[in-house]
Student: 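This is the structure I have questions about; it appears just below.
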Amino acid sequence: MSLFTALFLFLAVGCAEALETESNNNGEGSEADTTEEYFALPESPGDLYESDEFDFHVQTVVDDLNLPWAAAFLPEGLVLITERDGTLRKIKNGEMHSDPIAGVPEVFAQNQGGLLDIEPHPDYEENGWLYMSYSKPNNGEGMTAIVRAKFDEEAHALTDMEELYVGTPFTSRGHHFGSRIVFDHDGYMYFSIGDRGEMNTAQDLSKSNGSLFRLNDDGTIPEDNPFVGKEGLDEIYSYGHRNIQGMAVHPETGIVWTNEHGPRGGDEININDKPGANYGWPEITYGINYDGTTITEETHREGMEQPVHQYTPSIAPAGMAFVTSDKYPGWEGNALIGALAYQLISRVELDGNEFVQEERLVEEIGRIRHVIEAPDGYIYFLNESNGTLNRILPANN
């Protein structure tokens with residue numbers, strides 16, 4: 001009886017170990033496959049940084065970029081990166097194509113203008129649509145426009161280009177084009193246009209300046225947009241924004257969150273959950289003019305929204321992403337916000353819609369233009385100071 005028992009236990013343990021080994025191997029293989037879908041793990045782990053939750057490495061995965069603005073991670077190891085001068089770059093399995101992608105629209109490449117955001121349709125694998133924002137030129141002036149197109153990889157070119165929206169009015173100013181693009185959980189497309197350097201226009205609903213917009217994916221206007229049938233542009237979802245350059249959809253609520261540049265002080269993180277809301281610029285602000293003079297004494301006013309958090313002094317917030325990946329324990333649900341002036345990533349802890357605290361990561365690394373959680377579960381960011389795309393890898397990974 002004891003011999004039978006011993007034999008049974010031996011076989012049972014052996015089977016359990018075999019199953020565990022098989023399960024672990026499958027898990028490791030799956031993780032390695034998804035990790036290498038875009039970029040192989042390097043021989044050197046990269047520079048080590050500390051955070052409150054864990055230490056992590058920053059790895060450069062693409063270099064030799066020229067003022068990169070946004071990255072789109074697509075299937076089959078494909079990444080497309082916009083450069084502000086009007087160039088669109090293709091990276092496939094970690095290698096950048098030597099030639100820029102053809103078929104990109106001409107851009108008004110002055111000051112902050114150029115080729116800006118790029119965002120795949122939520123059903124990209126079925127329809128192939130890519131959405132881009134850029135500053136469209138017109139007789140020496142420019143304004144933010146939204147197009148969609150498809151990428152013909154064999155031809156190395158954009159095709160089927162459709163113009164979905166062009167803001168008004170055009171101006172020769174080279175400031176505050178916005179412009180991020182996101183799709184919410186209902187498939188609506190949101191995008192931003194800044195006040196174009198003319199602050200009072202952000203309160204003028206007859207102009208595109210200083211607004212957040214909502215359209216259907218084909219560029220048509222949803223019937224329930226807040227200003228349909230009322231005074232104001234039908235496409236406006238909210239207004240009173242100075243210059244939104246970061247936008248992300250909350251993974252649980254589906255609500256669009258944004259960050260925007262204040263002047264000298266008063267950068268904001270906002271929740272855009274009230275159609276037709278007025279976010280106050282420049283009637284209320286926590287900032288002052290760049291020369292130190294007062295814009296307004298008011299930081300609050302009835303009927304105008306308050307930010308979830310405001311940064312004074314200004315960090316110049318840019319790209320924004322919510323962390324959903326389990327690769328970053330302790331960061332789940334946090335917002336990561338790139339900073340241009342302060343050259344860092346602001347990790348914002350939230351309790352529902354409430355700001356809890358902020359931790360500043362990778363300080364003085366360079367001007368962080370875009371932060372994105374890719375389909376492989378890793379956080380990437382674009383550093384326009386040295387023209388690189390970088391990956392954050394926890395040290396214990």
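What's counted below: heavy atoms across the whole structure, side chains too, no hydrogens, waters or symmetry copies.
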Student: Do Tyr328 and Phe56 touch side chain to side chain, with heavy atoms closer than 4.5 Å?
Tutor: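 No, every pair of side-chain atoms sits at 4.5 Å or beyond.
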
Student: Exactly one of Glu252, Glu332, Glu373 should register a side chain to side chain contact (heavy atoms under 4.5 Å, CB included) with Thr324. Which one does?
Tutor: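 Option passing the side chain to side chain contact (heavy atoms under 4.5 Å, CB included) with Thr324: Glu373.
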
Student: Counting distance only, does the side-chain N/O of Asn243 pair as donor-acceptor with the main-chain N or O of Gly178 below 3.5 Å?
Tutor: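 Checking the backbone N and O of Gly178 against the side chain of Asn243, a donor-acceptor pair under 3.5 Å is found.
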
Student: Would you say the side chain of His370 lies within less than 4.5 Å of the side chain of Phe381, judging by non-hydrogen atoms?
Tutor: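 A side-chain contact under 4.5 Å is absent here.
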
Student: Suppose we call two aromatic rings close when their centres sit under 6.0 Å apart. Are Phe73 and Tyr38 close by that rule?
Tutor: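 For Phe73 and Tyr38, the ring centres are under 6.0 Å apart.
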
Student: Taking side chain as C-beta onward, heavy atoms only, is Ile221 less than 4.5 Å from Asn216?
Tutor: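 Contact flag for Ile221/Asn216 side chains = no.
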
Student: Are side-chain N/O atoms of His57 and Asp47 paired as donor and acceptor at under 3.5 Å?
Tutor: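 No, no side-chain donor-acceptor contact under 3.5 Å.
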
Student: Between Lys136 and Glu163, does at least one N-O distance fall below 4.0 Å, as a salt bridge requires?
Tutor: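 So Lys136 pairs with Glu163 through a salt bridge.
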
Student: Below 4.0 angstrom, N of the basic side chain to O of the carboxylate: do Glu162 and Arg148 qualify?
Tutor: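 Yes, this pair counts.
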
Student: Where the side chain of Thr312 meets the backbone of Gly266, is there a donor-acceptor pair that is under 3.5 Å apart?
Tutor: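 Looks like yes, one N/O pair under 3.5 Å.
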
Student: What heavy-atom pair brings Tyr342 and Pro313 nearest, and what distance separates the two atoms?
Tutor: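 What the structure gives for the nearest pair is OH-CG, 3.0 Å.
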
Student: Evaluate Tyr134 against Val147 for side chain to side chain contact (heavy atoms under 4.5 Å, CB included), listing each step before the verdict.
Tutor: CA-CA 8 Å; Tyr134 73 105; Val147 297; 3.7 Å; yes

Student: Show, in sequence, the C-alpha distance, side-chain angles and deciding distance for Met132 and Leu116, and conclude whether the side chain to side chain contact (heavy atoms under 4.5 Å, CB included) test is met.
Tutor: CA-CA 7 Å; Met132 293 181 294; Leu116 306 174; over 6 Å; no

Student: For a quick check under 3.5 Å, do Asn272 and Tyr237 share a side-chain donor-acceptor pair by atom type?
Tutor: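 On atom types as modelled, these side chains do not qualify, holding no pair under 3.5 Å.
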
Student: Any side-chain to backbone donor/acceptor pair from Ser314 onto Ala316? Under 3.5 Å, distance only.
Tutor: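 Side chain of Ser314 to backbone of Ala316: no pair is present.
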
Student: For Glu53, check salt bridge (Lys or Arg N to Asp or Glu O under 4.0 Å) against everything at least two apart and list the hits.
Tutor: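 Glu53: no salt bridge (Lys or Arg N to Asp or Glu O under 4.0 Å) contacts found.
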
Student: Verify, without hydrogens or angle tests, whether Arg369 (side chain) and Glu384 (backbone) share a donor-acceptor contact under 3.5 angstrom.
Tutor: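 Flag not set: sc Arg369 to bb Glu384 has no pair under 3.5 Å.
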
Student: Counting only heavy atoms not in Glu95 (residues, nucleotides, ligands), do more than 12 fall under 6.0 Å from its CD?
Tutor: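 No - once you tally the heavy atoms of other residues, nucleotides and ligands closer than 6.0 Å, there are 12 at most.
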
Student: Please evaluate residues Gln203 and Thr201 with respect to the criterion side chain to side chain donor-acceptor pair (under 3.5 Å), reporting the C-alpha separation (whole Å), side-chain torsions for both, the decisive distance (0.1 Å), and the verdict.
Tutor: CA-CA 5 Å; Gln203 292 293 319; Thr201 62; over 6 Å; no

Student: Using atom types as modelled and distance alone, determine if a side-chain donor or acceptor of Asp218 lies under 3.5 Å from a backbone N or O of Thr220.
Tutor: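 Yes, the answer is positive, given that a donor and an acceptor are paired below the 3.5 Å cut-off.
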
Student: Counting only N and O atoms by type, is there a donor-acceptor contact under 3.5 Å from the side chain of Lys150 to the main-chain atoms of Met161?
Tutor: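 It does not hold such a pair.
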
Student: Just wondering, are more than 12 heavy atoms of other shown residues or ligands nearer than 6.0 Å to CD in Glu125?
Tutor: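 Atom CD in Glu125 is not packed in, count stays at 12 or less.
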
Student: Answer yes if the side chains of His175 and Asn111 hold a donor-acceptor pair under 3.5 Å, and no otherwise.
Tutor: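 Yes - a donor-acceptor pair under 3.5 Å links their side chains.
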
Student: Name all pairs fulfilling the side chain to side chain donor-acceptor pair (under 3.5 Å) condition that reach into residues 62-81, sequence neighbours left out, sorted by first residue then second.
Tutor: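 Every side chain to side chain donor-acceptor pair (under 3.5 Å) pair that includes a residue of residues 62-81, provided the two are not neighbours, is Asn66-Asp85.
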
Student: After noting the C-alpha distance and the side-chain angles of Asn270 and Glu268, does the key distance pass the side chain to side chain donor-acceptor pair (under 3.5 Å) rule?
Tutor: CA-CA 6 Å; Asn270 287 305; Glu268 296 180 358; 3.0 Å; yes

Student: Do Arg347 and Glu358 touch side chain to side chain, with heavy atoms closer than 4.5 Å?
Tutor: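 Side chain of Arg347 against side chain of Glu358, heavy atoms only: no contact under 4.5 Å found.
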
Student: What class does the angle between the rings of Phe183 and Tyr131 fall in, given that below 30° is parallel, 30 to 60° is tilted and above 60° is perpendicular?
Tutor: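 The rings of Phe183 and Tyr131 stand perpendicular, inter-plane angle above 60°.
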
Student: Checking Tyr165 now: which residues fulfil side chain to side chain contact (heavy atoms under 4.5 Å, CB included) with it, not counting sequence neighbours?
Tutor: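 Partners of Tyr165 by the side chain to side chain contact (heavy atoms under 4.5 Å, CB included) criterion, ordered by chain and then number, come out as Ile146, Phe191, Ile193, Ser208, Phe213, Leu215, Leu233, Glu235.
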
Student: Checking Glu298 now: which residues fulfil side chain to side chain contact (heavy atoms under 4.5 Å, CB included) with it, not counting sequence neighbours?
Tutor: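 With sequence neighbours excluded, Glu298 shows a side chain to side chain contact (heavy atoms under 4.5 Å, CB included) to Ile284, Thr296, Arg301, given in chain and number order.
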
Student: Could you check whether Phe322 and His250 have their ring centres less than 6.0 Å apart?
Tutor: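 His250 vs Phe322: aromatic centres under 6.0 Å.
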
Student: Got a second to check how far Asn127's CG is from Asp160's CG, nearest 0.5 Å?
Tutor: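 It is 11.5 Å, given to the nearest 0.5 Å.
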
Student: Do we see a donor-acceptor contact under 3.5 Å between the side chains of Gln59 and Tyr380?
Tutor: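 No, because no side-chain N or O of Gln59 sits under 3.5 Å from a partner of the opposite role on Tyr380.
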
Student: Hey, does the side chain of Thr258 reach the backbone of Gly246 with a donor-acceptor pair shorter than 3.5 angstrom?
Tutor: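 Pair absent, no side-chain N/O of Thr258 close to backbone of Gly246.
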
Student: Do any pairs count as a salt bridge (Lys or Arg N to Asp or Glu O under 4.0 Å) and have a residue in residues 222-231, sequence neighbours left out, and if so which ones?
Tutor: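 Listed once each, the pairs are Arg214-Asp224.
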
Student: Looking at Trp281 versus Tyr239, is the centre-to-centre ring distance below 6.0 Å?
Tutor: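 Trp281 vs Tyr239: aromatic centres not under 6.0 Å.
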
Student: With a 3.5 Å distance limit and no angle check, can you tell me whether Ser192 reaches the backbone of Arg180 through a side-chain donor-acceptor pair?
Tutor: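 It does hold such a pair.
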
Student: Just so I know, are the side chains of Asn259 and Ile244 near enough to count as touching, which here means a heavy-atom distance under 4.5 Å?
Tutor: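 A side-chain contact under 4.5 Å is absent here.
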
Student: Would Asp217 and His121 satisfy side chain to side chain donor-acceptor pair (under 3.5 Å), going step by step from the backbone distance to the final call?
Tutor: CA-CA 8 Å; Asp217 64 354; His121 190 281; 2.8 Å; yes

Student: Same cluster for Val256 and Val323 if Ile/Leu/Val/Met/Phe/Trp/Tyr side chains link at under 4.5 Å?
Tutor: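 As far as the 4.5 Å side-chain criterion goes, Val323 and Val256 are not connected within one cluster.
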
Student: Does Val348 form a side chain to side chain contact (heavy atoms under 4.5 Å, CB included) with His309? I'd like the steps, not just the answer.
Tutor: CA-CA 9 Å; Val348 178; His309 179 63; 5.5 Å; no

Student: Under a 4.5 Å side-chain heavy-atom rule over Ile, Leu, Val, Met, Phe, Trp and Tyr, are Val79 and Val58 clustered together?
Tutor: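 As far as the 4.5 Å side-chain criterion goes, Val58 and Val79 are connected within one cluster.
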
Student: Using a 4.5 Å cut-off on heavy atoms from C-beta on, say whether the side chain of Glu83 contacts that of Leu67.
Tutor: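 The answer is no, as the side chains (C-beta and beyond) never meet within the 4.5 Å cut-off.
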
Student: Who are the side chain to side chain contact (heavy atoms under 4.5 Å, CB included) partners of Asp99, not counting sequence neighbours?
Tutor: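 Here the qualifying residues are His97, His156.
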
Student: To the nearest 0.5 Å, what is the distance between NE2 on His241 and CD on Glu305?
Tutor: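 Answer rounded to 0.5 Å: 9.0 Å.
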
Student: For the atom pair CD1 (Ile315) and CD1 (Ile368), what is the distance rounded to the nearest 0.5 Å?
Tutor: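 These two atoms lie 11.0 Å from each other.
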
Student: Could you check whether Glu198 pairs with Lys207 (Lys NZ or Arg NE/NH1/NH2 to Asp/Glu carboxylate O, under 4.0 Å)?
Tutor: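 Result for this pair is no, no salt bridge flagged.
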
Student: Ignoring hydrogens and geometry, is there a side-chain-to-backbone donor-acceptor pair from Arg391 to Phe39 under 3.5 Å?
Tutor: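 Here the side-chain-to-backbone pair exists.
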
Student: Give the intermediate values and the outcome of side chain to side chain donor-acceptor pair (under 3.5 Å) for residues His176 and Gln112.
Tutor: CA-CA 7 Å; His176 301 178; Gln112 297 170 6; 4.5 Å; no

Student: Using atom types as modelled and distance alone, determine if a side-chain donor or acceptor of Ser211 lies under 3.5 Å from a backbone N or O of Ile236.
Tutor: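 No; judged by distance alone, with no hydrogens or angles, the pair does not exist.
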
Student: Is there a side-chain contact between Leu130 and Leu80 (heavy atoms, below 4.5 Å)?
Tutor: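 Yes. Closest side-chain heavy atoms under 4.5 Å.
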
Student: Apply side chain to side chain contact (heavy atoms under 4.5 Å, CB included) to the pair Ser325 and Tyr378, showing each step before the final yes or no.
Tutor: CA-CA 7 Å; Ser325 173; Tyr378 286 107; over 6 Å; no

Student: Is any side-chain heavy atom of Pro317 closer than 4.5 Å to a side-chain heavy atom of His261?
Tutor: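 A side-chain contact exists here, since the closest heavy-atom pair is under 4.5 Å.
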
